[in-house]
Structures are given as structure tokens and as C-alpha cells.
There are 2 protein chains.
Amino acid sequence: MTAEFQIEPRFRANQSGLRLTHEALPANPLSDLFAMTGATLRLARNEELYGEDEPAEYAYQVVSGTVRTCRFTADGQRQIVAFHRKGDVLGLGIGNTHRFAAEAVTDATVLMVRRSAVLAAAARDVAVSRALWEHAAAENARAEEHSLLLGRRSAGERVASFLLDSASRSEDGIVELPMSRQDIADYLGLTIETISRTLTQFERDRLIRMQSARRIGLASGSALKQLARGA
Amino acid sequence: MTAEFQIEPRFRANQSGLRLTHEALPANPLSDLFAMTGATLRLARNEELYGEDEPAEYAYQVVSGTVRTCRFTADGQRQIVAFHRKGDVLGLGIGNTHRFAAEAVTDATVLMVRRSAVLAAAARDVAVSRALWEHAAAENARAEEHSLLLGRRSAGERVASFLLDSASRSEDGIVELPMSRQDIADYLGLTIETISRTLTQFERDRLIRMQSARRIGLASGSALKQLARGA
DNA sequence: CGGCGGCTTGATCGGTCTCAAGTACGGTGG
DNA sequence: CCACCGTACTTGAGACCGATCAAGCCGCCG
């Protein structure tokens, strides 16, 4: 929640440059740009990466941890637009200001690159330009699916979808949730109590097994899928 | 924190240029491509332009009328993702199939161009490539605003936002709605009855004046804006 | 002028929110 | 290692908003 984040001391080129050895990020021109020219920035849990309507000088790629983009409404409610995980790029819209705030859900590490550098690279290199388009189109698809999820679907359907989406990133059937119930609620357009009750109900119905609040085993993926589809 | 989302996102990319006149479509490489190489296609009201999961061979630009993109859920509910009006381009996502169906809300005319031709032009010409990115980014902004609208906002807030968004396309304070109440309901994640009741309430509160069901005068734009923000 | 689709209005129901306690957990210091 | 604390999560009771079910009404086009 700090107002200003300090870029100066950490803002030196990441000259390790080549590949993070373990678990490489998918190779594409955009990721390459970050890997080669990005400066590393560390964020503490709940620290703000940038604020809403702030001039958009940099774009970011998540290296570790989870980042949320969100907006606050007049009446103080928070709505979460998206969660960004390893490899995800954020801050790359059109317009000169960020349309949402970005905050660290957990301690996180991101790479930062000047947006002008990205645009310059795109103007020079069609491959970068295409990667930029693909990134925007993928973001768009994600946003559209999210808006479909919020339009007239029950709490059960939303939570089931969320769990399945989270599960799609893990190998086994165990979902690690880096975010709080409040984060989930603000993402799904529900309240914290409803999230909690719905998960409890899922457990009663043997659809999931909660090893802890943030560690959930999917006992019946197919039943969840059915639920998510609005059966 | 001003009513940023009332600015029609696709107009942003156009702000450098002149004001849209009644006739002219915004001048940009993508529109040029449609204007020069597009074939004209006429659609009757409710006619399908393409279906969900259909191979995506063409992209389209609306010349006249209104087109909706939508999806049908397992339980038969329809959810409308977006309304597309004159100048809007649809069918240009990544992936080989259309992720939604597209149908004519009113009788409509569209231009169609092969997606492969668009991609080829983008690979050749950086200006086209950039236009493609800007289109995707603008669509993304629109989708994100839509998902924010659907997350935990009251019926009044949703309808007020919808009216203001519609009004942003007309000079005077008169909104012409090309779509039915059912269309609006499926777009806002509400029922047809709730739309109707909310509009009636707005009229009672002297926020709007319904000249007919599809022709609505905004009597107090500022009060509506306040409502839309979640006052 | 008659019929039909689209819109409005009314009564009731149900799901989710709200308010209010309780409980488990992770972290910290003794 | 344990006691403590604060935060996060769960659970309960009741209220409220929008959905549902059910008529009516309007306007449009034949």
C-alpha cells in the first residue's frame, strides 16, 4: 500500500540476461524482451505496483508470486479484474495511464520494461508486434470469459469455475490458493461469507477436500465441471 | 476515478484523428483494409453471422445496424458479450474458431475479409499490425469494464451505466436502443422484468423520459452518472 | 380491426448479503 | 516448545434484492 515504490536502486539491467535456469518461461518475443532488458523489482505482500490512473511508464512480467489488478468503486468496494501469475504480463494496454491498480497478492518478483521500449521493439520487429497482439487478444479472451462468469451465474457456478481455473495450473489435483477469501470474493463478485459457505458445501458434497483454507484437493473434477457449466 | 469507462474504448485509438462525422468510419489501417478488400454481406434481424466454435475464416466490420456476440449456457441461458455498431470489427481473435456466436440485432450490413488476409497484411505492414494490437487492446478494455459492471453492482447501477454508454454514441440526450429488453437483460446479467422495472423507476425519479420503449431521453445525466458509480 | 410479440406490472419465492459471533491458524516472543 | 495474539476464516440468523411465475397492456403490422 506504499504510495511510491522505489525504482532507482533496483533499476539495473538484469544482466544474468539469459534464462532463469529452473522452469523456464515460455519463449516468445515479449518474454525475451523482458528477460533481456527487464529490471527486477521485488514486492512485499499487498505492496502496490502501480495505482489506478497513474501514468503508465512501465510494463511488467511476473516472475514469482501473484499480482492482482483491481479497481475501487466510489462506495469503497474493491473489484478484482485479474490475478497474474508467473509469466503473465501486465500494464500493456493502450492509453497513457493504467486503467487499474496492481498490487502484490503475495511477496512477488516482477520484471519491468519501459512501455516505450516495448512499442519501439514492436515498430521495428513484426514478431514482437504479433506477440503484442496475441497478448492483448489472450487477455481479451480471459476478460470475456470472466464477464460471462459474472453474468447471472450462481455462487456455486462461480466458485466451481474459479477452482477449476486454478486447478488448470497445477499438475496434481491439489489447488494452492495464494489469495485470501476476500480476494476471491472481489474477483467473483460475491462476499467472503458466500465463498466460505460455498466451499464448505462443496466439501460436504465430497466435491473437494480442504487440507487447509488455502490448500484444496479436487475430489471430483467432473462434478465440478458440471456445476461450472450451469447444470 | 472519473467516469472513465464511459469513454468508448475504441474511440481512444482514434483520438488523434478527427471527430467521427455521421458518415465516415474512423480512418485506420484496419478499416482501410475492410473498405478496400471487404465484401458486403447483408443480414436480416436475428440472422446468424457465425456460430460458436465455428471455424473462423472471416473477420467482419459492421457498416450499419447492430450485431451481438453471445454464448448459450448448458441450461439454455443466453449471455451477450458485446454489441457491435457501425465501425466495430468482430471475429478477430486468436484461435481458429469463433469463441462466440454473432447474430444481427437489427437488419445489418457488414464487410467481410479473410482473417488470413488480415494476418498477412499485418505481417507485411507494421501499421496494420499496430492497428490490430490497438483493436485487441480496446476490445480488452471494453470487456474488462463489462466484467466490472457485472461484478456485484445493483440493477440500477448496471442499467444506468448501460444507458450512459449508449448515450455516449448520440449527440443529443436521446438514446435509441436497437435491442430488445431481453438483449439488454442478457447483456447486463439481469432479467427482462428487472430491466423494465428499473427503467420505470428511473422515469418515476425523473432521471429519464421514455418516448417509447426503445427511445429514451436522459433527463439527468449527472444523476445517472452518480448512480452508475455506485453512489 | 384483430392478433401477436414485446413490454410492463404485480405477488411471491429464494439466493445472497448483512450483521454478528465464534473458531482455527500462522506468526511471534517467551 | 508453548502461550499468546491478531488475522483470516467459518458459521448462524435475519433482511433484502432480484428471480420467478402470472397476468395484463401496448403498439405495430397484417
Side-chain angles (χ1 to χ4, degrees), chain A residues 1 44-46 68 73 75-79 105-107 149-160 162-163 175-205 208-216 227 230, chain B residues 44-46 68 73 75-79 105-107 149-163 175-205 208-216 227 230:
Chain A
M1 287 286 190
R45 189 172 121 89
N46 287 328
R68 62 178 172 249
T73 55
D75 53 347
Q77 284 190 32
R78 185 185 64 169
Q79 302 190 263
V105 171
T106 61
D107 289 353
L149 185 60
L150 299 186
R152 213 131 131 47
R153 331 267 325 163
S154 71
E157 289 165 2
R158 298 184 198 200
V159 174
F162 178 76
L163 287 177
V175 180
E176 293 277 359
L177 299 175
M179 71 289 287
S180 70
R181 295 288 188 267
Q182 187 65 61
D183 286 328
I184 300 173
D186 292 346
Y187 180 67
L188 295 180
L190 298 167
T191 58
I192 182 177
E193 294 96 331
T194 298
I195 302 294
S196 189
R197 276 189 250 270
T198 304
L199 288 172
T200 302
Q201 189 57 48
F202 281 180
E203 181 152 50
R204 255 188 231 119
D205 298 346
I208 62 173
R209 281 191 55 211
M210 281 197 266
Q211 309 185 355
S212 77
R214 305 242 181 143
R215 201 179 156 76
I216 298 180
L227 246 180
Chain B
R45 188 171 119 90
N46 288 328
R68 62 178 173 250
T73 56
D75 53 347
Q77 284 190 33
R78 184 184 65 169
Q79 302 190 260
V105 171
T106 61
D107 290 354
L149 186 60
L150 299 185
R152 213 132 132 45
R153 331 266 329 158
S154 72
E157 289 165 1
R158 298 184 200 200
V159 174
S161 290
F162 179 76
L163 288 176
V175 179
E176 293 278 358
L177 298 175
M179 70 291 286
S180 70
R181 295 288 187 266
Q182 188 64 62
D183 285 327
I184 300 173
D186 291 346
Y187 179 66
L188 295 181
L190 297 168
T191 59
I192 182 177
E193 293 96 332
T194 298
I195 302 293
S196 189
R197 274 188 251 271
T198 304
L199 287 173
T200 303
Q201 189 58 49
F202 281 180
E203 181 152 51
R204 256 188 230 120
D205 298 345
I208 62 172
R209 282 191 53 211
M210 280 196 267
Q211 309 186 356
S212 77
R214 304 251 181 135
R215 201 179 155 77
I216 298 181
L227 247 179

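Protein chains get the first letters and strands the later ones, always in sequence-line order, with residue 1 at the start of each.
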Could you state the atom-to-atom distance from [atom1] of [X] to [atom2] of [N] in whole Å?
| X | N | atom1 | atom2 | answer |
| --- | --- | --- | --- | --- |
| A:I184 | D:dA8 | CD1 | P | 13 Å |
| A:M210 | D:dT11 | CE | C1' | 12 Å |
| A:L188 | C:dT16 | CG | P | 12 Å |
| A:I192 | C:dC19 | CD1 | P | 14 Å |
| B:L199 | C:dG6 | CG | P | 17 Å |
| A:F202 | D:dT11 | CZ | C1' | 17 Å |
| A:R181 | C:dT23 | CZ | P | 19 Å |
| A:R204 | D:dT11 | CZ | C1' | 9 Å |

For A:F202, ring-ring contact (aromatic ring centres under 6.0 Å, His included) partners two or more places apart: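 ring-ring contact (aromatic ring centres under 6.0 Å, His included) check on A:F202 returns nothing, list empty.
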Taking five pairs at each end, how big is the angle between the two axes of the helix from C:dC1-D:dG30 to C:dG30-D:dC1, to 10°?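 Answer for the end axes of this duplex: 40°.
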side-chain hydrogen bond (donor to acceptor under 3.5 Å, both in side chains) against [X], all qualifying residues, sequence neighbours excluded:
| X | answer |
| --- | --- |
| A:S154 | none |
| A:T194 | A:T191 |
| B:Q201 | B:R204, B:D205 |
| A:E203 | none |

side-chain contact (heavy atoms from CB on, under 4.5 Å) partners of A:I216, counting only residues at least two apart: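 A:I216 satisfies side-chain contact (heavy atoms from CB on, under 4.5 Å) with A:L163, A:L177, A:L199, A:I208, A:M210, A:L218 once adjacent residues are dropped.
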Is [X] touching bases, backbone alone, or none of the nucleic acid, heavy atoms closer than 4.0 Å?
| X | result |
| --- | --- |
| B:R45 | sugar-phosphate |
| B:R158 | nothing |
| B:S196 | base |

For nucleotides 14-30 of chain D, 5' to 3', base contacts (B), sugar-phosphate-only contacts (S) and non-contacts (-) with protein non-hydrogen atoms under 4.0 Å give ----SSBBB--------
Partners passing salt bridge (charged side-chain N to carboxylate O under 4.0 Å, His left out) against A:R158 (at least two apart in sequence or in another chain):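 For A:R158, no residue satisfies salt bridge (charged side-chain N to carboxylate O under 4.0 Å, His left out) once neighbours in sequence are set aside.
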Before accepting this row, confirm whether a basic side-chain N of the pair B:D183/B:R78 lies closer than 4.0 Å to the acidic partner's carboxylate O.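 Yes, B:D183 and B:R78 are salt-bridged.
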Answer yes or no: is there a donor N or O on one side and an acceptor on the other, between the side chain of A:R152 and the main chain of B:A185, under 3.5 Å?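 Checked: no pair found.
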Give a yes/no on whether any side-chain N or O of A:R214 is located under 4.0 angstrom from OP1 or OP2 of C:dC25.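 No, no such contact exists.
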